[in-house]
Amino acid sequence: MSTVKLSQKYQMVVPKEIRKKMRLSAGVRVSLYPIDEDRALLVKHPKDPVRALKGLGKEIWKSLGGVDAYIRNERDSWKA
């Protein structure tokens, strides 16, 4: 755990160990999300948001037997 101090302009320096672990460098965008009045979460933005979403939810399609099987079953249900 690291402790930082806010400057008079409400700025802070992210400690080196956190920058290394999160692979933060100058110019990388981050967000701070308030959790409650005592805590916040620091999240690094992906360089390419579209690429970061690639493959999201693929486990759902596997559980349904694959995309082709799902579409085939769905279309068959229309015939009934």
Side-chain angles (χ1 to χ4, degrees):
M1 182 175 92
S2 299
T3 303
V4 298
K5 184 177 179 181
L6 287 178
S7 72
Q8 290 181 352
K9 293 182 180 182
Y10 300 101
Q11 298 170 330
M12 66 177 157
V13 175
V14 179
K16 184 177 182 178
E17 64 184 73
I18 295 173
R19 291 193 314 260
K20 287 179 81 174
K21 181 127 184 148
M22 293 181 69
R23 297 186 180 116
L24 297 176
S25 59
V28 170
R29 294 183 110 23
V30 296
S31 292
L32 280 170
Y33 296 99
I35 295 174
D36 56 34
E37 63 183 38
D38 295 322
R39 298 178 297 162
L41 178 66
L42 176 75
V43 178
K44 178 174 67 170
H45 287 232
K47 290 180 184 177
D48 183 354
V50 174
R51 182 170 286 191
L53 295 173
K54 183 179 179 183
L56 185 66
K58 65 182 174 183
E59 65 278 353
I60 295 170
W61 292 111
K62 286 181 182 177
S63 70
L64 295 172
V67 177
D68 294 333
Y70 175 78
I71 292 173
R72 194 175 322 105
N73 290 338
E74 193 64 27
R75 287 180 179 163
D76 288 345
S77 73
W78 300 342
K79 296 175 185 175

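Nothing fancy with the numbering, it's 1 onward along the sequence.
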**Study point:** Cluster link Val67 to Trp78, ILVMFWY, side chain under 4.5 Å
**Key:** no

Practice item. Give a yes or no answer on whether the side chain of Lys44 reaches the backbone of Met22 with a donor-acceptor pair at less than 3.5 Å. Key: yes

Review point. For Ser25, does its backbone N or O pair with a side-chain atom of Arg19 as donor and acceptor, under 3.5 Å?
Key: no

Practice item. Could you tell me the separation between the CG atom of Asp76 and the CD1 atom of Ile71, rounded to the nearest 0.5 Å? Key: 12.0 Å

Check your understanding: Can you get from Tyr33 to Ile35 by hopping between Ile, Leu, Val, Met, Phe, Trp and Tyr side chains that sit under 4.5 Å apart?
Key -> yes

Review point. Do Met1 and Leu42 share a hydrophobic cluster (ILVMFWY, side-chain heavy atoms under 4.5 Å, transitive)?
Key: no

**Study point:** same_hphob_cluster(Val28, Val4) at 4.5 Å side-chain heavy-atom cutoff
**Key:** yes

Practice item. Give, for atom CZ of Arg29 and atom CG of Leu24, the distance between the pair rounded to the nearest 0.5 Å. Key: 13.5 Å

Check your understanding: Does Ser7 reach the side chain of Met12, with side-chain heavy atoms less than 4.5 Å apart?
Key -> no

Review point. Transitively linked via ILVMFWY side-chain contacts under 4.5 Å: Ile60 with Tyr70?
Key: yes

Check your understanding: What is the distance from atom NZ of Lys54 to atom CG of Leu56, rounded to the nearest 0.5 Å?
Key -> 13.0 Å

